[in-house]
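Keep in mind that what you see is a predicted model, and the values were worked out from it rather than measured. Letters go in sequence order (proteins before strands), and every chain restarts at 1.
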Amino acid sequence: MAARSGSWCPRPGSSAGPLPGAPSPRIIVVHRLSAIACRHDWRPLVEACDFRGMEARWKPFWEERGLYRTGSDPDREPFYCLDFFPYPSGAGLSVGHCRNYIPTDVISRRMRMGGRNVLHPMGWDAFGQPAEEYAIKTGIHPSIVTRRNTDTYRRQMKLIECSYDWSREIDSSDPAYYRWTQSFFLLLFDRGLAYEDENDQMWCPACRIVLSNEEAAGGCCWRCGGEVTRKRLKQWYFRITSYADRLLAGLDGLDWPEGIKAMQRNWIGRSEGAEVLFRVEAPGGLLVDLPVYTTRLDTIYGATFCVVAPEHPGLAGITQPERMEEVLRYASAARARSDRERLVSAEREKTGVFTGSFALNPFSGERVPVWVSDYVLSGYGTAAIMAVPAHDERDHAFARRFGIPMIEVIAPGGVPRGVEEAATTADGILLNSGEFGGLDSETARERMAAKAEAGGFGRVAVRYRFRDWLVSRQRYWGAPVPMIHCSACGAVPDRNLPVLLPPVESYEPDDTGRSPLARAADWVETSCPVCGGPASRDTNTMAGFACSSWYFLRFASPWEKERPFDPESVRYWLPVDLYVGGAEHAVMHLLYARFWTKVMYDAGVIDFDEPFTVLKNQGMLLGADHQKMSKSRGNVVTPDEMAERYGVDALRLYILFMGPFEADLEWSEEGIAGTSRFLKRLWALVLESPPGDGAPADASFRRELRYQLAKTVKKVTGDVDSFQFNTAVAALMEFVNFLAASRDRAPSASDDWRKAVSDLLLLLAPMTPFIAEELWHRLGFEGCTIHEQRWPGWSEADLVRDTVEMAVQVSGKVRGHITVPSEASEEEIREAALSSPRIREMLEGRKPVRIVVVPRRLVNLIV
RNA sequence: GCCGGAGUGGCGGAAUGGCAGACGCGGCGGACUCAAAAUCCGCUGUCCGCAAGGGCGUGAGGGUUCGACUCCCUCCUCCGGCACCA
């Protein structure tokens, strides 16, 4: 076998006919003489397909040409194709990450070939805990570790030939970047959307950090999975809840996966209900208003007690002296328990303590006891409820436990169901409800709210489940909160940006919730920008999600020094046309970024209020053992080893081919071996193509060839554009199989054959850039790159065939086939079917009672 | 419990309401080889049959239709998310 690594230059002595409009192709064909001597089936053999040689050859060629520079041709439409901002972890990329980066790369390349200016950038969400943990252990500054990790990521992304415009690379931990993160913090502060509040925070004792609600979903830390406890701390918040309705409404217009939109709706958790005042007879004859929030105002005549959360600020005020000790003991015990503990124990049995006080139901005038229990949450509604055991499962469980009576006030479908065994939670007809008896639930809610409103003891109220975004962190490796605390002026913005991270002795956080920055005394001590008096810097840093809430804007003009971005560039490129990443950010990054975008829109900084027009989530890639890939399981496969063994093209093609983009799939090394084989067959097909001389023209074959080509171009174009890469690859394989099977007839269709092969390479170019370029040049297209060619088109006329084969069914079962002209009328088709010998046999003389003809598909004879 | 998504050969997966299983993997048989690997050719849902051919088949059960993997209803299983939010 003639192995000729190192040179792709055409050799003298081999030649082939010219491609239309192209320089003369020169093809290397090495005849194995022994084979000719021994065998009659003469087959030329070509040099081996050497992927390493190709990669070494083309990388510098493209680099030199600046192939991946962002397009700036003013006549072209922009296309912004963006990957989620990666945190560069020390482990580097696995093939799992490739399921994100390779498809977006294919789309970017396809869009460039489609004549679009493409912005396809990459950068690093570089602030974050792992680098800091490492710094704590080793004393090495996090920026050094981060640099090491980003170098690895960049190297691997280049290895798999992602076509990023590296001149636009950004790093969120660079002061040139984070000064703008800080400036946006101040923008929010100036607009009243950033505020400080002292509260019981979710605290992860393992990470020694506070968590936002999104980060502590389910009572577990999103990073370490550990149990979340509470800690009372003063922290910075962004008022995201004031954008709740717009965040909700904006979802409708987005081309995002329904699941992600549903998760956001769910998380925001809008509910419409009513706030009603119960008047509590507090100690000392005082009457205290206790507002409760309910979505079931229609059940209020069934309220037999009230419950306040242990954290309720009015709890002590409404507790009778003789119950005080017990109530306070209960409340502080509840506060001491983690959310998780509270949840778990609540599943077993409800707990609570009677306050000794009674409240008046404003509708029924009934006197009901007021309890304290941890099943009422402090952060939602008014932290107090009216309990209707007959029609709420939780209240039912509580009432049963403590022997509190129940009153049935709703009859679903007009039929009382009885409520001793279980609560009836459905809507229905009201009973035992005074003047509202006989109304349906919905009408009752409206009328009752109106009455409460008129009487001044209630009103309709909308509540949201999500809370404001807790953004400050007690950690070193983040963007410092650019605020100064002055005893005279309060919290004052520091507009002298950037506020640089100071050098510190140790990166260790402590258990008090104070950041390591607090120990940098020289840095902390400063003067107040307003009054000039002594003041201290805020020692919190911002959560990483602040950095990733605007990075997509920075990519439009990352070189800007005096402003975060050039408005003109942002207007040109944004919003992002295609945004791709994992589904795990559904309610964190994706919600925060939408919020910042809306704030910037309101501030007149940008002219759109949704950042990501189309969102797609790639599926997870599991190891060959069906387990999530992880270092500890030892099932991680890296692109490096796969590129080494099979080449980058084979890896890229396998990632695309292995299954649907959104599906969770398992890695299989047999699979990548398959795409590697396919590329070798392609290589042989193109290089072994017989020269186009001698053979007489074969018109019917040429038509067939054109048909197959048009079909393939159409299919691949449609599939790639709709993210169905797996079926696009399958169509390319089918086409190669077709060409290989009909190679003997190639000389009789030489121009069409060359067109077919060069279009095939163009279709492959975005997926397998190396082999496509190599074969493109070997086909004779020299002095240009395949990656700057136009995406091929097809002619609908080529898709029309003379005859079609149709299935003939007898009573719905396929019993034979007929071949008819593709333009045949229904009548002709019917005739052809009925006169087919095989069908006549199947009919056994029976006459069809009905004949259904679907032109070009099938005939169904019903007997 | 609620919200999303998915159930098709030995495996990954294809199928605008119109011939289920494209394409690939694996397996079996053959060619080439001293041999193996690689490569090439053929077969490969399942059952009955020497064969021609036929029966059965898309998680289960109903329904709509000439015709259902596809649409409707009921149910089961798996994956992801949320979960005492009143």
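Looking at the side chain of A:Lys813, the nearest of the listed nucleotides B:C56, B:C23, B:G12 is B:C56.
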Expected string for nucleotides 14-21 of chain B under the B/S/- scheme (protein heavy atoms, under 4.0 Å, primed atoms plus P, OP1, OP2 as sugar-phosphate) is S-B-BB--

Base contacts versus sugar-phosphate-only contacts with protein, heavy atoms under 4.0 Å: please encode nucleotides 68-81 of chain B as B, S and - from 5' to 3'.
-------------S

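Sequence neighbours left out, the pairs with a member in residues 667-687 of chain A that pass salt bridge (charged side-chain N to carboxylate O under 4.0 Å, His left out) are A:Arg645-A:Glu669. For residues 293-304 of chain A, the set of pairs meeting the salt bridge (charged side-chain N to carboxylate O under 4.0 Å, His left out) definition, not counting sequence neighbours, comprises A:Arg296-A:Asp298, A:Arg296-A:Asp427, A:Asp298-A:Arg445.
Residue A:Arg467 is classed as a base contact, given a heavy-atom separation below 4.0 Å to a base. Base engagement by A:Leu377 is indicated by at least one non-hydrogen atom pair under 4.0 Å involving a base atom. Contacts of A:Asn737 with the nucleic acid, taken as non-hydrogen atoms under 4.0 Å apart, involve only primed sugar atoms and P, OP1 or OP2.
Judged by closest nucleotide on RNA chain B, A:Ile260 is the one of A:Ile260 and A:Arg463 placed further toward the 5' end.
Side chains of A:Tyr646 and A:Thr675: a donor-acceptor N/O pair is absent below 3.5 angstrom, by distance only.
Taking 4.0 Å as the cut-off between side-chain N and carboxylate O, A:Arg335 and A:Glu311 do not count as a salt-bridged pair. Ion pairing between a basic and an acidic side chain is recognised when a charged N comes within 4.0 Å of a carboxylate O; A:Asp245 and A:Arg270 show such pairing. Under a 4.0 Å N-O distance rule, the pair A:Arg463/A:Glu275 qualifies as a salt bridge.
A heavy-atom distance below 4.0 Å to RNA chain B is reached by these residues of residues 289-309 of chain A, ordered by number: A:Tyr293, A:Thr294, A:Thr295. Residues from residues 378-393 of chain A placing a heavy atom under 4.0 Å of any atom in RNA chain B, listed by number, are A:Tyr380, A:Ile385.
A:Glu827 CD: more than 12 foreign heavy atoms inside a 6.0 Å radius. Atom CD of A:Glu393 is surrounded by 12 or fewer heavy atoms from other residues, nucleotides or ligands within 6.0 Å.
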Could you go over nucleotides 25-28 of chain B and give all protein N or O partners under 3.5 Å, atom names and distances?
{"residue": "B:C25", "atom": "OP1", "partner": "A:Arg677", "partner atom": "NE", "Å": "3.2"}
{"residue": "B:C25", "atom": "OP1", "partner": "A:Arg677", "partner atom": "NH2", "Å": "2.9"}
{"residue": "B:G26", "atom": "OP2", "partner": "A:Arg677", "partner atom": "NH2", "Å": "3.3"}

Pair pattern of RNA chain B in dot-bracket, where unpaired bases get dots and | marks partners in another strand, Watson-Crick or G-U under 3.5 angstrom:
(((((((..(((.....[....)))((((((.......))))))((((....))))..(((((..]....))))))))))))....

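One P atom belongs to B:C43, the other to B:C56, and the distance between them is 26 Å to the nearest Å. Rounded to whole Å, the C1' atom of B:G30 lies 42 Å from the corresponding atom of B:C78. Nucleotides B:C28 and B:U46 are separated by 15 Å at their P atoms, to the nearest Å. Spacing between B:G1 and B:C73 at atom C1', rounded to whole Å, works out to 22 Å. Nucleotides B:G7 and B:G59, compared at atom P, are 8 Å apart to the nearest Å. For the P atoms, the distance from B:G13 to B:G18 is 23 Å, rounded to whole Å.
Listed by chain and number, the residues in a side chain to side chain contact (heavy atoms under 4.5 Å, CB included) with A:Met202 are A:Leu211, A:Asn213, A:Ala216, A:Val228, A:Arg230, A:Asp339 (sequence neighbours excluded). When the side-chain hydrogen bond (donor to acceptor under 3.5 Å, both in side chains) test is applied to A:Arg400, no partner is found at least two apart in sequence or on another chain. With sequence neighbours left out, the side chain to side chain contact (heavy atoms under 4.5 Å, CB included) criterion links A:Ala730 to A:Phe657.
A:Phe51 and A:Trp683 have their aromatic ring centers separated by at least 6.0 angstrom. A centroid separation of less than 6.0 Å is found between the aromatic rings of A:Phe363 and A:Phe457.
Glycosidic conformation of B:G13 is anti; the angle lies outside 90° of 0.
Contact between the side-chain N/O atoms of A:Arg815 and the OP1/OP2 oxygens of B:G54 is found at a separation under 4.0 Å.
A cation-pi geometry, defined here as NZ or CZ lying under 6.0 Å from the six-membered ring centre and within 45° of its normal, holds between A:Lys350 and A:Tyr375.
At distances below 3.5 Å, not a single donor-acceptor pair connects side-chain atoms of A:Thr819 with backbone N or O atoms of A:Val804.
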Sequence neighbours left out, cut at 3.5 Å: what donor-acceptor pairs do the side chains of residues 713-725 of chain A make with other protein atoms?
{"residue": "A:Lys714", "atom": "NZ", "partner": "A:Glu796", "partner atom": "OE2", "Å": "3.2"}
{"residue": "A:Lys715", "atom": "NZ", "partner": "A:Asp719", "partner atom": "OD2", "Å": "3.1"}
{"residue": "A:Thr717", "atom": "OG1", "partner": "A:Val713", "partner atom": "O", "Å": "2.6"}
{"residue": "A:Thr717", "atom": "OG1", "partner": "A:Trp791", "partner atom": "NE1", "Å": "2.9"}
{"residue": "A:Asp719", "atom": "OD2", "partner": "A:Thr727", "partner atom": "OG1", "Å": "2.8"}
{"residue": "A:Asp719", "atom": "OD2", "partner": "A:Ala728", "partner atom": "N", "Å": "3.3"}
{"residue": "A:Asp721", "atom": "OD1", "partner": "A:Arg110", "partner atom": "NE", "Å": "2.8"}
{"residue": "A:Asp721", "atom": "OD2", "partner": "A:Arg110", "partner atom": "NH2", "Å": "2.9"}
{"residue": "A:Ser722", "atom": "OG", "partner": "A:Gly718", "partner atom": "O", "Å": "2.8"}
{"residue": "A:Ser722", "atom": "OG", "partner": "A:Asp719", "partner atom": "O", "Å": "3.4"}
{"residue": "A:Ser722", "atom": "OG", "partner": "A:Gln724", "partner atom": "OE1", "Å": "2.8"}

